[in-house]
*Asks:* 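One structure, as structure tokens, below. Some questions next.
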Amino acid sequence: ITTQTALMKTRLIKFLSAAVVGVASISSAMAAVITVPNFSFENPLIGAGDSGSGGQYLSTSGITSWTTGGDGSSGLQLATAPPMALVGVTGNQAAWLNGATTLTSSAGLHTIALGDQYTLTVAAAGRKDYNSVGFQFQLTDASGTPFASSITIIPDNVLNTFGDYTITYTAVAGNVGQELRIKLLGVTSGPNQTSFDNVRLDVIPEPSTSAALLGGLALLGLRRRRA
């Protein structure tokens, strides 16, 4: 009987281990990409007649699907625009913020549900000849109140190369039903510039769903072993 019981326990452990792997795979598969309009700042297109080195960059507050605020300036640049040429651009253009300027997604991107886990990833770079002294990025509500915020980040001002920066947020009861937005911020007034590109947002639904599934699989395993 002892040997039989030990064998049953071993089989159950193997079953539960397989179940855990299965639930992890299911949770990963449940991660959904949330569309961020104009995520790589390809609109509006910079034209040959626009300002800056014969149409290499454009000073504008009219970046499609984004709203500009703050006391600095904003615009778009081509990936190869001198003297701001950047490495690692997605598409042909990137956005830039000069000074204490903000860039916020104009529309709500997702309606928050309790326990949902959001991951925001932003590519950013400093302009090597116009030192970026820091930036932040946030997940906010429609009024701009942040749910989650990065620390002040100083990008690499020497290599002038985009790097990825990430924050996460798990929704709490007080925020359920609100519309999620993205805000990019320059944090200091004066001559400093940060470039942004390839803004990505995804969500994993409330994880207790996976926990409940795991519990059900475990219970099913126990019943099978007893049978």
Side-chain angles (χ1 to χ4, degrees), residues 36-107 109 120-140 142-146 148-167 181-201:
V36 178
N38 202 19
F39 71 98
S40 64
F41 305 104
E42 303 303 313
N43 292 298
L45 289 173
I46 298 173
D50 289 326
S51 63
S53 298
Q56 294 293 302
Y57 58 92
L58 172 67
S59 295
T60 179
S61 59
I63 298 175
T64 305
S65 301
W66 296 84
T67 302
T68 305
D71 63 4
S73 58
S74 62
L76 300 169
Q77 66 184 86
L78 293 179
T80 57
M84 305 179 293
L86 297 166
V87 178
V89 175
T90 297
N92 297 314
Q93 299 184 171
W96 54 264
L97 298 180
N98 186 9
T101 312
T102 63
L103 198 59
T104 305
S105 54
S106 300
L109 303 175
L120 171 62
T121 303
V122 176
R127 178 175 165 181
K128 66 182 179 181
D129 64 334
Y130 210 58
N131 294 334
S132 171
V133 297
F135 72 94
Q136 292 181 338
F137 59 106
Q138 301 174 340
L139 289 169
T140 77
S143 71
T145 301
S149 179
S150 71
I151 60 173
T152 297
I153 299 166
I154 301 177
D156 190 332
N157 294 316
V158 178
L159 297 178
N160 225 31
T161 300
F162 277 106
D164 279 348
Y165 302 89
T166 299
I167 57 172
R181 301 193 184 209
I182 295 169
K183 180 183 282 188
L184 312 175
L185 309 91
V187 297
T188 305
S189 297
N192 68 92
Q193 190 173 107
T194 305
S195 299
F196 297 95
D197 193 39
N198 198 15
V199 180
R200 289 147 283 168
L201 180 63

*Asks:* If the condition is ring-ring contact (aromatic ring centres under 6.0 Å, His included), which residues does Phe162 pass it with, not counting sequence neighbours?
*Replies:*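 Counting only residues at least two positions away or on another chain, Phe162 forms no ring-ring contact (aromatic ring centres under 6.0 Å, His included).
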*Asks:* Which atoms form the tightest heavy-atom contact between Thr101 and Ser74, and what is the distance?
*Replies:*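 Here Thr101 and Ser74 meet closest at CG2-CB, 4.3 Å.
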*Asks:* How many angstroms lie between CG in Leu86 and CH2 in Trp96, if you round to the nearest 0.5 Å?
*Replies:*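 So the CG of Leu86 and the CH2 of Trp96 are separated by 12.5 Å.
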*Asks:* Quick one: pull up OG in Ser105 and CG in Leu201 and give me the separation to the nearest 0.5 Å.
*Replies:*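 Result: 9.0 Å between the selected atoms.
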*Asks:* Mind listing the closest non-hydrogen atom pair of Ile182 and Leu139 along with its distance?
*Replies:*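 So the two residues come closest at CG1-CD2, 4.1 Å.
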*Asks:* Run the side chain to side chain contact (heavy atoms under 4.5 Å, CB included) test on Gln93 and Leu78 for me, step by step, so that the C-alpha distance in whole Å, both residues' side-chain angles and the decisive distance to 0.1 Å come before the verdict.
*Replies:* CA-CA 5 Å; Gln93 299 184 171; Leu78 293 179; 3.9 Å; yes
*Asks:* Measure the shortest side-chain to side-chain distance between Thr68 and Leu103 over non-hydrogen atoms and say whether it is less than 4.5 angstrom.
*Replies:*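 Sidechains of Leu103 and Thr68: in contact.
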*Asks:* Taking ring-ring contact (aromatic ring centres under 6.0 Å, His included) as the definition, give me every residue that meets it alongside Phe41, ordered by chain and number, with sequence neighbours left out.
*Replies:*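 ring-ring contact (aromatic ring centres under 6.0 Å, His included) list for Phe41, sorted by chain: Trp66.
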*Asks:* What heavy-atom pair brings Pro44 and Ile63 nearest, and what distance separates the two atoms?
*Replies:*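 Looking at all heavy atoms of both residues, the closest pair is CD-CA, 4.1 Å.
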*Asks:* Can you see which heavy atom on Glu42 is nearest to which on Gly91, and at what distance?
*Replies:*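 Glu42 and Gly91 have their closest heavy atoms at OE2-CA, 3.6 Å.
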*Asks:* State the CG-CZ distance between Leu120 and Arg200, to the nearest 0.5 angstrom.
*Replies:*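 If we round to the nearest 0.5 Å, Leu120:CG and Arg200:CZ are 9.0 Å apart.
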*Asks:* Can you measure from CG (Asn38) to CG (Leu76) and round to the nearest 0.5 angstrom?
*Replies:*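 The distance works out to 7.5 Å.
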*Asks:* So that I know where these two stand, are Tyr165 and Phe135 an aromatic pair - ring centroids less than 6.0 Å apart?
*Replies:*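 Between Phe135 and Tyr165, which both carry aromatic rings, the centre distance is below 6.0 Å.
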*Asks:* Spell out, as yes or no, whether a donor-acceptor pair under 3.5 Å connects the side chain of Arg181 to the backbone of Leu109.
*Replies:*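 Not a single qualifying donor-acceptor pair exists.
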*Asks:* Step by step, work out the side chain to side chain donor-acceptor pair (under 3.5 Å) result for Ser150 and Gln136.
*Replies:* CA-CA 6 Å; Ser150 71; Gln136 292 181 338; 5.5 Å; no
*Asks:* Which heavy atom in Thr60 sits nearest to a heavy atom in Gly62, and how many Å separate them?
*Replies:*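 Nearest pair, atom of Thr60 first, then Gly62: OG1-N, 2.8 Å.
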*Asks:* Nearest 0.5 Å please: distance from the OG1 atom of Thr104 over to the NZ atom of Lys183.
*Replies:*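 Nearest 0.5 Å value for the OG1-NZ distance: 4.5 Å.
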*Asks:* Quick one: closest heavy-atom pair of Pro37 and Ser65, and the distance?
*Replies:*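 Result for this residue pair: CB-OG, 3.5 Å.
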*Asks:* For the CG atom of Asp197 and the CD atom of Gln77, what is their distance to the nearest 0.5 Å?
*Replies:*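 Rounded to the nearest 0.5 Å, the CG-CD separation comes out at 9.0 Å.
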